[in-house]
Every structure is written in C-alpha cells, then in structure tokens.
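Reading through the structure tokens given below for one structure.
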Amino acid sequence: MSSLISAEEISHEAELVWLEDIDALDYVRQSLDRLPTRKGKPPYHRDGRMVGFAILGPDAKPSRASGTFRRRVFWLLPHDRDTEPEGLYAKSAPAEAVDPRTLEPRVKGYKTERSEGGPPSRAMQELGIHLPL
C-alpha cells in the first residue's frame, strides 16, 4: 500500500514514466515491485493495466539476497473508477491509491478530494481552500 512506502525506499528514483495521460485519471494504485533492472518498462503480471513506473538512478543498489531492485509501479484494475465510474470506487479510492498529480520522483504522493471521488467539503469551500484537483 502507498501508506507503507517509505521515503527511503524511493530515494533513488530519477524519473517517473507515464504510459497514459494522468490528467484523465483521478487516482492510480502504486506498489513497490522487485524488478531485475533499474530502468525500462517492467513486466506486468496483475489484472488490469500498468499506467506508469519509476526509473532508478545509477546509485541504486540491488538487494544482496535477490539481486533485484525495488521500483514503484503505477497501475489500475478493471473495476477502478476510470472504467467503472459508478462502481465500487465511485466515492472512494483503494488504500494504495494516490492522485497521480501529486507524484514525483522520490515523492510518494497522497490522496486528494479528486482521488477520493468527492467534491470539496462546504467548510473547505467557505475557507477558500483548494486541494490539487
């Protein structure tokens, strides 16, 4: 889950590569996958589709035990809001989901009102507070 990703685990990221236009997505799921390389499009073995991935810098070291690198992969499942707007996540988001507009290399991102499926609260509107949408 994205809340379990620590800053140290993504500290060697150099770039995020998007395979789709993230402006069209309210949220993406993110996970840390063990991959054989620092860069390049990783293999994808989940349901749904990969929408992006991280590229690591040359200073990233592989695991001594497995020789693999931990890299973030961004993905969506077939029942996510982008394909089922009135489905399970119409007014919420999965635990590992974040708003893709809040992601950068070495930044794990966060949920926003948009990613959670709701409009700004009345209190937020009255105070003039606007989260990334």
Side-chain angles (χ1 to χ4, degrees):
M1 289 195 276
S2 62
S3 61
L4 300 178
I5 295 174
S6 72
E8 173 60 28
E9 291 174 304
I10 59 176
S11 65
H12 296 290
E13 289 181 344
E15 180 182 353
L16 299 182
V17 176
W18 295 107
L19 304 173
E20 296 185 19
D21 178 9
I22 60 171
D23 290 333
L25 301 173
D26 292 344
Y27 64 81
V28 295
R29 296 172 186 252
Q30 68 175 341
S31 59
L32 277 173
D33 291 0
R34 291 199 174 278
L35 299 167
T37 63
R38 287 180 184 89
K39 56 186 179 179
K41 184 177 176 184
Y44 185 73
H45 303 291
R46 294 178 178 90
D47 287 343
R49 67 192 195 274
M50 180 177 10
V51 296
F53 57 90
I55 293 177
L56 303 180
D59 56 337
K61 303 288 185 235
S63 163
R64 287 189 213 179
S66 66
T68 59
F69 298 88
R70 295 197 63 188
R71 290 171 51 195
R72 279 195 293 177
V73 175
F74 306 100
W75 47 285
L76 291 167
L77 290 175
H79 60 273
D80 280 325
R81 191 180 316 141
D82 69 306
T83 53
E84 288 190 21
E86 301 303 318
L88 177 64
Y89 295 113
K91 296 292 179 194
S92 66
E96 67 273 17
V98 294
D99 186 328
R101 291 158 216 70
T102 67
L103 292 165
E104 294 179 30
R106 300 171 302 283
V107 175
K108 72 179 189 175
Y110 52 89
K111 292 182 187 287
T112 62
E113 291 162 337
R114 180 180 180 144
S115 68
E116 287 296 296
S121 67
R122 186 173 3 167
M124 297 275 291
Q125 291 172 350
E126 288 172 3
L127 293 171
I129 299 172
H130 301 283
L131 295 178
L133 295 178

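- D47 contributes atom CG, which lies 9.5 Å from atom CH2 of W75 (distance to the nearest 0.5 angstrom).
- The main-chain N or O of P94 is never found under 3.5 Å from a side-chain atom of R29 such that the two would form a donor-acceptor pair.
- Sorted by first and then second residue, the side chain to side chain donor-acceptor pair (under 3.5 Å) pairs with a member in residues 10-19 read H12-D59, E13-R72; sequence neighbours excluded.
- Inter-residue side-chain proximity for H79 and Y89 is flagged as met; some heavy-atom pair is nearer than 4.5 Å.
- Looking only at side-chain heavy atoms (C-beta outward), V98 and K108 stay at 4.5 Å or farther from each other.
- Closest non-hydrogen pair, P85 versus A90, comes out as O-CB, 3.2 Å.
- When side chains are defined from C-beta on, L35 counts as touching V73, because their heavy atoms get closer than 4.5 Å.
- With rounding to the nearest 0.5 Å, the separation of CD in E84 from CG in L77 is 10.5 Å.
- With values rounded to the nearest 0.5 angstrom, R81 atom CZ is found 10.5 Å from L88 atom CG.
- A side chain to side chain donor-acceptor pair (under 3.5 Å) with D33 holds for exactly one of R46, R71, R70; it is R46.
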Requested in this report: Under the side-chain contact (heavy atoms from CB on, under 4.5 Å) rule, what do T112 and Y27 come out as? Steps first, then yes or no, please.
Outcome: CA-CA 9 Å; T112 62; Y27 64 81; over 6 Å; no
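- Residues L19 and F74 form no side-chain contact, since every pair of their non-hydrogen atoms from C-beta on lies 4.5 Å or further apart.
- Smallest separation of non-hydrogen atoms from K111 and A97: NZ-O, 3.1 Å.
- When all heavy atoms of I10 and I5 are compared, the closest pair comes out as CG2-CG2, 3.7 Å.
- Of all heavy-atom pairs spanning P100 and L25, the tightest one is CG-O, 3.6 Å.
- Here the side chains of V51 and I22 are not in contact, with every heavy-atom distance at 4.5 Å or above.
- Taking each heavy atom of E116 and A93 in turn, the nearest pair found is OE2-CB, 3.5 Å.
- For the atom pair CD of E96 and CG of L32, the computed distance is 12.0 Å after rounding to the nearest 0.5 Å.
- Of all heavy-atom pairs spanning S63 and R34, the tightest one is CB-NH1, 4.1 Å.
- Atom CG in D82 sits 5.0 Å away from atom CG in L76 (nearest 0.5 Å).
- Paired with R114 under the rule side chain to side chain donor-acceptor pair (under 3.5 Å), one option of T102, D99, D26 passes, and it is D26.
- Tracing side-chain contacts under 4.5 Å through hydrophobic residues (I, L, V, M, F, W, Y), one reaches Y44 starting from F53; they form part of the same cluster.
- In this structure, CZ in R49 is found 4.0 Å from CD in E20, a value given to the nearest 0.5 Å.
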